[in-house]
Amino acid sequence: MNVCGARRLLRQTIITTTDLAGLVSGLPFADGAKVYAVADGYVLGPYIVASGAINLRDAYVDVEVGFWEPPVYESMPSVLVGQNDEIVRRPGRIASVYLDIIDTTSIAVGANNSAPEDIDLVRDR
């Protein structure tokens, strides 16, 4: 998922880079912590911190590492103006979602005040 210009997806982040093998070292997170990385605009992870490092397996220039914060989108209420200039406010509803994902095995999506549920992924073969 390319997140250029999107809201921050991670909290308690550190901005760094990788070595040529994709190793990110010097992380301030405890060993065993599950972290994600936004590397050159792509969300990668989860990774488990070991000895203050994670291995992204590819070299990246701009890497942000932190704890995952699920993206939340809230729409404005739908406004209907009636014949007598009566204003009726209704909650907005999400009818469909288009997601561009790469190398993902699972994803959960919730909308219209419902709990997130697993979505089957279409495999291009």
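As the structure is a computational prediction, the values presented were derived from the model and not from experiment.
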Candidate list Val49, Leu44, Leu23, Ile48, test side chain to side chain contact (heavy atoms under 4.5 Å, CB included), partner Ile54, passing option: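 Only one option passes, and that is Val49.
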Only one of Val24, Leu56, Val38 passes side chain to side chain contact (heavy atoms under 4.5 Å, CB included) with Val65; say which it is.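 Answer to the side chain to side chain contact (heavy atoms under 4.5 Å, CB included) test with Val65 among Val24, Leu56, Val38: Val24.
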Could you state the interatomic distance from CG (Asp19) to OG1 (Thr16), rounded to the nearest 0.5 Å?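 These two atoms lie 10.0 Å from each other.
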Nearest heavy atoms of Thr17 and Val61, plus distance in Å: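 That would be OG1-O, 3.0 Å.
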Test of understanding: with side chain to side chain contact (heavy atoms under 4.5 Å, CB included), list the residues that count as partners of Val88, not counting sequence neighbours.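 Here the qualifying residues are Leu80, Glu86, Arg90.
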Tell me every residue that passes side chain to side chain contact (heavy atoms under 4.5 Å, CB included) with Ala59, counting only those two or more places apart in sequence or in another chain.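 Residues passing side chain to side chain contact (heavy atoms under 4.5 Å, CB included) with Ala59: Thr18.
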Return each pair, listed once, that meets side chain to side chain donor-acceptor pair (under 3.5 Å) where at least one residue sits in residues 51-66; pairs must be two or more places apart or across chains.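 Those involving residues 51-66 are Arg8-Glu64, Thr13-Glu64.
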Write out all pairs satisfying side chain to side chain donor-acceptor pair (under 3.5 Å) with one or both partners inside residues 23-37, taking only residues at least two apart or from two chains.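 Not a single pair qualifies under side chain to side chain donor-acceptor pair (under 3.5 Å).
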Going by ring-ring contact (aromatic ring centres under 6.0 Å, His included), name the pairs with one or both residues in residues 11-31, residues two or more places apart or in two chains.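 Found Phe29-Phe67.
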For residues Pro46 and Val35, determine if any side-chain heavy atom of one lies less than 4.5 Å from a side-chain heavy atom of the other.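 The answer is no; the side chains never approach within 4.5 Å.
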